[in-house]
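Here the structure is laid out as structure tokens; the discussion comes afterwards.
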Number of protein chains: 2
Amino acid sequence: MTNSEILSNYLKNHGVKPSIQRLKIYEILRNNVTHPTADEIFNHLVKEIPTLSLATVYNTMHLFEQKELVRIINIENHQARFDWNMKPHGHFQCNVCGTIYDIEIDTNQMNINELDEYQLEESHFYFKGLCKTCLNK
Amino acid sequence: MTNSEILSNYLKNHGVKPSIQRLKIYEILRNNVTHPTADEIFNHLVKEIPTLSLATVYNTMHLFEQKELVRIINIENHQARFDWNMKPHGHFQCNVCGTIYDIEIDTNQMNINELDEYQLEESHFYFKGLCKTCLNK
DNA sequence: CTACAAAATTAGAATAATTTTAATCTATGG
DNA sequence: CCATAGATTAAAATTATTCTAATTTTGTAG
Ligand SMILES: [Mn+2]
Ligand SMILES: [Mn+2]
Ligand SMILES: [Zn+2]
Ligand SMILES: [Zn+2]
């Protein structure tokens, strides 16, 4: 099985019909460590699928979110970023180069008793500052 | 000393010249537990200061942020909210009623070793789900 | 007090991310 | 082949925020 076939099945298993647009969009997410914006995804893909519409990227991301295939990262106030990695983790964004790094977080260890009063559905841990690369300059 | 005078001095001590606009904006933040949007602040105040401009609210919030008088909460992707409470804490937003609750978080206890590699400047802890009020319906 | 400069405020236009609309295209089961 | 639902598209609309340029206010020196 090719990599595309594997991802195609993965979409099916999550209740998403794997159109070429959806498949390619998901491939971009999986093949890039970055947490891309809708626009970045669109610009990568439009070379290959010239009729692609930005609306399709947004439609697809919302569908993916519903089907728990991606999570939306709002670490920047002005634009959303998308993450295929569904296991709980936090994010650090460098204020200089803008790179977003994954941060491992053990949510069990941080027992926040106050949260018992709520029915928790989503957690987001965002950090900002300077990354090592930018510090060494 | 009246409450206004106290807050006025507080602004001065943080390097902010307390114009009537700035003072009233800061008063609104302090007198409301909610974490208001720029628009909400504007609509409260425009009754009292009819010439107030929304741009002034934004200008003031950015100045306040610089002077470490407020923090910006991006728990909603589409619009910023403002918080006068500068001591580290997290936020829970109810998916039904939209209310944002403060969540006490002991950041020391959650030692995230991976963060040692970075120079940390900001932390944001966002949670979403259902609040007690909405659960009991 | 007056004149001037700097700072703050303002209205409205501009920007940019996202959503909506309405039309067109595609896939598929009968 | 045809009908239908679902997916995609282009373009317009929406909305929060920022920008611009003009005006007002404030502080200060003469
Ligand atoms: Mn991630
Ligand atoms: Mn708060
Ligand atoms: Zn960096
Ligand atoms: Zn609620």
Side-chain angles (χ1 to χ4, degrees), chain A residues 8 11-12 14-28 34-67 69-83 93 98 100, chain B residues 8 11-12 14-28 34-67 69-83 93 98 100:
Chain A
S8 181
L11 294 189
K12 274 187 214 158
H14 280 76
V16 171
K17 198 199 283 187
S19 70
I20 183 68
Q21 288 88 344
R22 289 168 177 174
L23 183 57
K24 290 285 177 189
I25 287 171
Y26 192 64
E27 275 183 25
I28 284 191
T34 62
H35 301 78
T37 63
D39 208 59
E40 283 167 358
I41 295 170
F42 173 80
N43 283 311
H44 267 251
L45 259 187
V46 76
K47 299 164 192 159
E48 198 176 345
I49 309 175
T51 61
L52 183 68
S53 164
L54 191 53
T56 300
V57 177
Y58 280 106
N59 289 342
T60 303
M61 293 331 288
H62 292 145
L63 177 67
F64 282 2
E65 192 198 17
Q66 247 191 341
K67 303 298 185 177
L69 279 160
V70 304
R71 74 162 80 186
I72 299 182
I73 297 179
N74 286 314
I75 197 169
E76 289 170 306
N77 53 341
H78 52 298
Q79 65 183 352
R81 294 180 165 273
F82 304 97
D83 195 347
Q93 181 170 47
I100 295 176
Chain B
S8 181
L11 295 189
K12 274 188 215 158
H14 280 76
V16 170
K17 200 198 283 185
S19 71
I20 182 68
Q21 289 88 342
R22 290 169 176 173
L23 183 58
K24 289 286 177 187
I25 287 172
Y26 192 64
E27 275 183 24
I28 283 191
T34 64
H35 301 78
T37 64
D39 208 58
E40 282 166 359
I41 295 170
F42 173 79
N43 283 311
H44 267 252
L45 259 188
V46 77
K47 298 164 193 159
E48 197 176 345
I49 309 177
T51 61
L52 183 68
S53 164
L54 191 52
T56 300
V57 177
Y58 280 106
N59 290 342
T60 303
M61 292 333 287
H62 292 146
L63 177 67
F64 282 2
E65 193 199 15
Q66 250 191 338
K67 303 296 187 180
L69 279 161
V70 304
R71 73 163 80 186
I72 299 181
I73 297 178
N74 286 314
I75 197 169
E76 288 170 308
N77 53 343
H78 52 297
Q79 62 183 353
R81 294 180 165 274
F82 303 96
D83 194 347
Q93 182 170 46
I100 294 176

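Chain letters run A, B, ... following the sequence lines, proteins first and then strands; every chain starts at 1.
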- Would you say C:dT10 has OP1 or OP2 under 4.0 Å from some side-chain N or O of B:T51? yes

- Message: If you compare all heavy atoms of B:Y58 against all heavy atoms of B:A38, which two are closest, and at what distance to 0.1 Å?
- Response: CZ-CB, 3.5 Å

- Task: Over all heavy atoms of both residues, which pair between A:I25 and A:V57 is shortest? Give the atoms and the distance, please.
- Result: CD1-CA, 4.0 Å

Would you kindly give the [atom1]-to-[atom2] distance between [X] and [N], to the nearest whole Å?
X: A:Q79; N: C:dT19; atom1: CD; atom2: P; value: 13 Å
X: B:I49; N: C:dT9; atom1: CD1; atom2: P; value: 9 Å
X: B:F42; N: C:dT10; atom1: CZ; atom2: C1'; value: 10 Å

- Contacts of B:H14 that satisfy ring-ring contact (aromatic ring centres under 6.0 Å, His included) - sequence neighbours left out: B:Y10

- Output the residues of residues 14-24 of chain B in contact with DNA chain C, where contact means a heavy atom of the residue under 4.0 Å from an atom of the strand; sort by number or write none. B:K17, B:S19, B:Q21, B:R22

With heavy atoms under 4.0 Å as the rule, sort [X] into base, sugar-phosphate or nothing.
X: A:N59; result: base
X: B:L52; result: sugar-phosphate
X: B:T56; result: base

- Message: Going by side-chain contact (heavy atoms from CB on, under 4.5 Å), B:M61 matches just one of B:T56, B:I72, B:L69, B:V70. Which one?
- Response: B:V70

In Å, rounded to the nearest 0.5 Å, how long is the span from [atom1] of [X] to [atom2] of [Y]?
X: A:E27; Y: A:S8; atom1: CD; atom2: OG; result: 9.0 Å
X: A:I41; Y: A:H44; atom1: CD1; atom2: NE2; result: 9.0 Å
X: A:K67; Y: A:L11; atom1: NZ; atom2: CG; result: 11.5 Å

- Item | Outermost DNA chain D nucleotides near chain A [under 4.0 Å, heavy atoms] | D:dA7 to D:dA10

- Message: Has A:R81 got a side-chain atom pairing as donor or acceptor with A:I73's backbone, closer than 3.5 angstrom?
- Response: no

- Query: Quick one: do A:R71 and A:E65 make a salt bridge, cutoff under 4.0 Å?
  - Reply: no

- Message: Both A:A55 and A:L63 contact DNA chain D. Taking the nearest nucleotide for each, which residue is further toward the 5' end?
- Response: A:L63

